[in-house]
Amino acid sequence: MTVDPTLLDDLEWRGLIAHSTDREALRDALTQGSVRFYVGFDPTAPSLHMGNLVQILTARRLQQAGHTPFALVGGATGMIGDPRDSGERTLNSLDTVKEWVGRVRGQIEPYLDFEGANGATMVNNYDWTASLSTIDFLRDVGKHFPVNRMLARDVVKSRLEAGISYTEFSYILLQSMDFLELYRQYGVTLQFGGSDQWGNLTGGAELIRRAEAGKAHAFATPLITKSDGTKYGKTEGGALWLDPEMMSPYAFHQFWLNVEDAKVGELLRVFTFFSRAEIEELEAVTAAEPFRRAGQKALADAVTTLVHGEAETEHAKAAAAALFGTGDLAGLNAATLAAALREAGTIQAAPGTSYVDLLVETGLVKSKGDARRTIAEGGAYLNNERITDVDLVPDASHLVAGSWLVLRRGKRNFAGVEIG
RNA sequence: GGCAGAUUGCCCGAGCGGCCAAUGGGAACGGACUGUAAAUCCGUCGGUGUAUGCCUUCGAAGGUUCGAAUCCUUCAUCUGCCA
């Protein structure tokens, strides 16, 4: 298997390597032959999100460069929970974790190639953890972990005041053991993950060194944040889910389209497979003519296509064009408008339902009080016209494209209502 | 096992018997400006069609009181000290 010797340079250029073990040793390993590597995903929710996508796409980059992926779903680690600053997690039931394992697995598979010389392998750490005895675990794994070093980790330090259970404190042993297990079973010598995983990554590499006198590598991808340093995905619906049931392809596409100028280049490098030349061109165009948002459009189209496919991307684009285009909804043909609204989200309602109730029913606002407040603030629209009358009851004269009402809250939150 | 302290709205954090739906900050949301950006400024930020109203909220359940987030009891969780 020949490998692409420029891989590491490309990863570095894309900003995908926030930390790594000995960089030169890593470079040597990645240029000498196909490296078996792994990246893990814990089933902590019914769907993966934007943060996980960074790992998935990075795995794909490595595979395309000739390396061999092992994608791990954390059936075991998901039962325990990685410690986080916000406090102790609530344990999920075995049934819940099992269900999420299945979903997460299905979300990873489309991005990797399971055929060929460097075909990917799916593993579940539940397989080698479930039957492990406590005594064996403590003797074989625990012995290699100095508690003083574990206490010095940032996450643990931050939790010492508020409290941390032994369960979460031990998480690093499980993840480290995974690396050791994959090293023994498959010869896996590289693990990567998000930068918040750095301690777990090096923990595994060190365990391999201590237990097997083996040489293993690790690197961490950066945390993707907004330019003010806060996390992405905290707007409106919460996280940026990959599951189309949890976040529509339209909403997903809209998210990328609305990314701030200052972040377009970084996101293009991390989330797309455009070449360096293509990305630099897009950055130049965005800098010169920011109002055209060429970078955002390319980003939104590329990522949505990766995650949801070409057809969904076209639907999302068409919907956006219809809703944001000229603003003249009456000028659209019925099929176009109906299709656009279905992307944005629609409900059915009976004739004579008040505008306030419609806002609530579409979910654009969370209560009638919120709806009235929004109208008072001038943030409520019907068919792209601002509504000022709190008591408005839409009638037949408001219908567009036959039986539709187009509700909007704020600048860009649309919902369709089909009257009938 | 004993003693002490903590638990407030999305988050942080005041309040310590009535003036508390509960100060303040952040987040979020709406408006203005723009490009369906960023920054900035202004406004909103428990529910209820409009009532000096009513309902739900200050870890949970009871209780004291004309009246409790504020006092008492029990329970849960967390923290510290002592065994």
Side-chain angles (χ1 to χ4, degrees), chain A residues 83-91 157-169 225-239 250-268 282-283 285-301 304 316-327 329 340 343-344 353-360 362-381 384-393 406-415:
Chain A
R84 55 181 172 183
D85 290 337
S86 50
E88 191 76 13
R89 291 172 188 268
T90 308
L91 291 177
K157 258 195 288 184
S158 73
R159 287 284 299 279
L160 286 180
E161 274 294 307
I164 178 169
S165 68
Y166 186 74
T167 306
E168 288 192 7
F169 180 62
T225 61
K226 294 197 267 192
S227 50
D228 61 5
T230 59
K231 279 187 184 176
Y232 268 115
K234 289 177 70 182
T235 52
E236 285 135 73
Y250 167 77
F252 187 84
H253 185 263
Q254 283 285 306
F255 168 82
W256 297 99
L257 198 60
N258 282 303
V259 147
E260 51 193 310
D261 295 354
K263 279 284 168 176
V264 171
E266 176 188 335
L267 296 174
L268 281 167
L282 283 168
E283 286 186 279
V285 172
T286 302
E289 299 181 287
F291 54 88
R292 284 176 55 198
R293 297 187 297 149
Q296 279 93 337
K297 287 176 182 166
L299 176 68
D301 292 354
T304 308
K317 284 170 71 174
L323 296 174
F324 290 100
T326 61
L329 297 170
E343 294 294 316
T353 309
S354 74
Y355 181 69
V356 163
D357 285 335
L358 291 175
L359 277 177
V360 174
T362 54
L364 286 175
V365 299
K366 55 185 179 186
S367 67
K368 289 185 184 183
D370 194 11
R372 294 192 187 95
R373 191 181 301 136
T374 301
I375 294 169
E377 290 173 335
Y381 305 79
N384 276 349
E385 285 181 39
R386 179 173 286 173
I387 296 302
T388 51
D389 176 11
V390 179
D391 298 315
L392 177 71
V393 178
V406 181
L407 273 61
R408 187 176 119 210
R409 175 187 185 208
K411 209 169 280 189
R412 56 198 182 208
N413 303 299
F414 284 94

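Quick note on labels: first sequence line is chain A, next is B, and so on, each numbered from 1.
Here B/G35 presents its C1' atom at 9 Å from NZ of A/Lys411, a figure rounded to the nearest Å. With rounding to whole Å, A/Leu329 atom CG is found 15 Å from B/U36 atom P. Atom CD in A/Gln296 sits roughly 10 Å away from atom P in B/A38 (whole-Å rounding). With rounding to whole Å, A/Lys366 atom NZ is found 11 Å from B/G9 atom C1'. Residue A/Arg412 contributes atom CZ, which lies 12 Å from atom P of B/A28 at whole-angstrom precision. Per the geometry, CZ belonging to A/Arg386 stands 7 Å off C1' belonging to B/G31, to the nearest Å. Taking atom OH of residue A/Tyr166 and atom C1' of nucleotide B/C78, one finds them 21 Å apart after rounding to whole Å. What separates NZ of A/Lys317 from P of B/U36 is a distance of 17 Å, to the nearest Å.
Across all strands shown, B/G9 remains unpaired; no Watson-Crick or G-U wobble contact has both distances below 3.5 Å. With a cut-off of 3.5 Å on both Watson-Crick or G-U wobble distances, the partner of B/C71 is given as B/G63. Of all nucleotides present, none satisfies the Watson-Crick or G-U wobble test against B/A14 with each distance under 3.5 Å. The nucleotide B/C20 finds no pairing partner, because no Watson-Crick or G-U wobble arrangement with both distances shorter than 3.5 Å includes it. Across all strands shown, the partner of B/G80 is B/C3, judged by Watson-Crick or G-U wobble contacts whose two distances both fall under 3.5 Å. In this structure B/A37 sits in no base pair that meets the Watson-Crick or G-U test at under 3.5 Å. Remark: B/U52 base-pairs with no nucleotide in the shown strands. Criterion, Watson-Crick or G-U wobble with two distances under 3.5 Å. B/A28 is paired with B/U44 under the Watson-Crick or G-U wobble criterion, all donor-acceptor distances under 3.5 Å.
The gap from the C1' atom of B/U40 to that of B/G46 amounts to 30 Å, rounded to the nearest Å. On the C1' atoms, B/G18 is 43 Å away from B/A32, given to the nearest whole Å. Separating the C1' atom of B/C55 from that of B/C33 is a span of 41 Å, rounded to the nearest Å. Distance check on atom C1': B/C58 versus B/C71 gives 16 Å, rounded to whole Å. Atom P of B/A83 sits at a distance of 25 Å from the matching atom of B/U77, rounded to the whole Å. Between B/U8 and B/U70, the distance separating the two P atoms is 13 Å to the nearest Å. When the C1' atom is used for both B/G67 and B/C19, the distance is 13 Å, rounded to whole Å. As rounded to the nearest Å, B/A22 and B/C16 have C1' atoms that lie 13 Å from one another.
In this structure, the separation between NE2 on A/His253 and CG on A/Leu299 is 9.0 Å, given to the nearest 0.5 Å.
Listed pair A/Ser367 / B/U48 meets the phosphate criterion, a side-chain N or O lying under 4.0 Å from OP1 or OP2. Neither OP1 nor OP2 of B/A37 sits under 4.0 Å from any side-chain N or O of A/Arg292. Between B/G30 and A/Asn413, a contact under 4.0 Å exists linking OP1 or OP2 to a side-chain N or O. Of the side-chain N and O atoms in A/Tyr381, one or more sit less than 4.0 angstrom from OP1 or OP2 of B/G31.
Judged by distance alone, with hydrogens and angles left aside, the side-chain atoms of A/Tyr381 form no donor-acceptor pair with the main-chain N or O of A/Lys411 at under 3.5 Å. Here the side chain of A/Asp370 pairs a donor or acceptor atom with the backbone of A/Lys366 at under 3.5 angstrom. Checked by atom type and distance alone, the side chain of A/Thr362 never pairs as donor or acceptor with a backbone atom of A/Ala415 at under 3.5 Å. Here the side chain of A/Arg408 pairs a donor or acceptor atom with the backbone of A/Gly410 at under 3.5 angstrom.
Considering all non-hydrogen atoms of both residues, A/Ala322 and A/Leu329 come closest at O-CD2, 4.1 Å. Nearest heavy atoms, A/Gln254 versus A/Ala320: NE2-CB, 3.6 Å.
Across all strands, A/Ala380 comes closer than 4.0 Å to no nucleic acid atom at all (heavy-atom distances). Within 4.0 Å (heavy atoms only), A/Val264 reaches no atom of the nucleic acid at all. Nucleic acid contact for A/Arg373: sugar-phosphate only, since backbone atoms but no base atoms lie under 4.0 Å from a heavy atom of the residue.
A/Leu257 pairs with exactly one of A/Arg412, A/Lys317, A/Arg293 by the side-chain contact (heavy atoms from CB on, under 4.5 Å) rule, that one being A/Arg293.
Looking at the side chain of A/Glu377, the nearest of the listed nucleotides B/U48, B/A37, B/G30 is B/G30. Taking the side chain of A/Asp261 as heavy atoms from C-beta on, and the options B/A37, B/G31, B/U44, the nearest nucleotide is B/A37.
When each of A/Arg409 and A/Ala321 is assigned the nucleotide of RNA chain B with its nearest heavy atom, A/Arg409 is the one assigned upstream, toward the 5' end.
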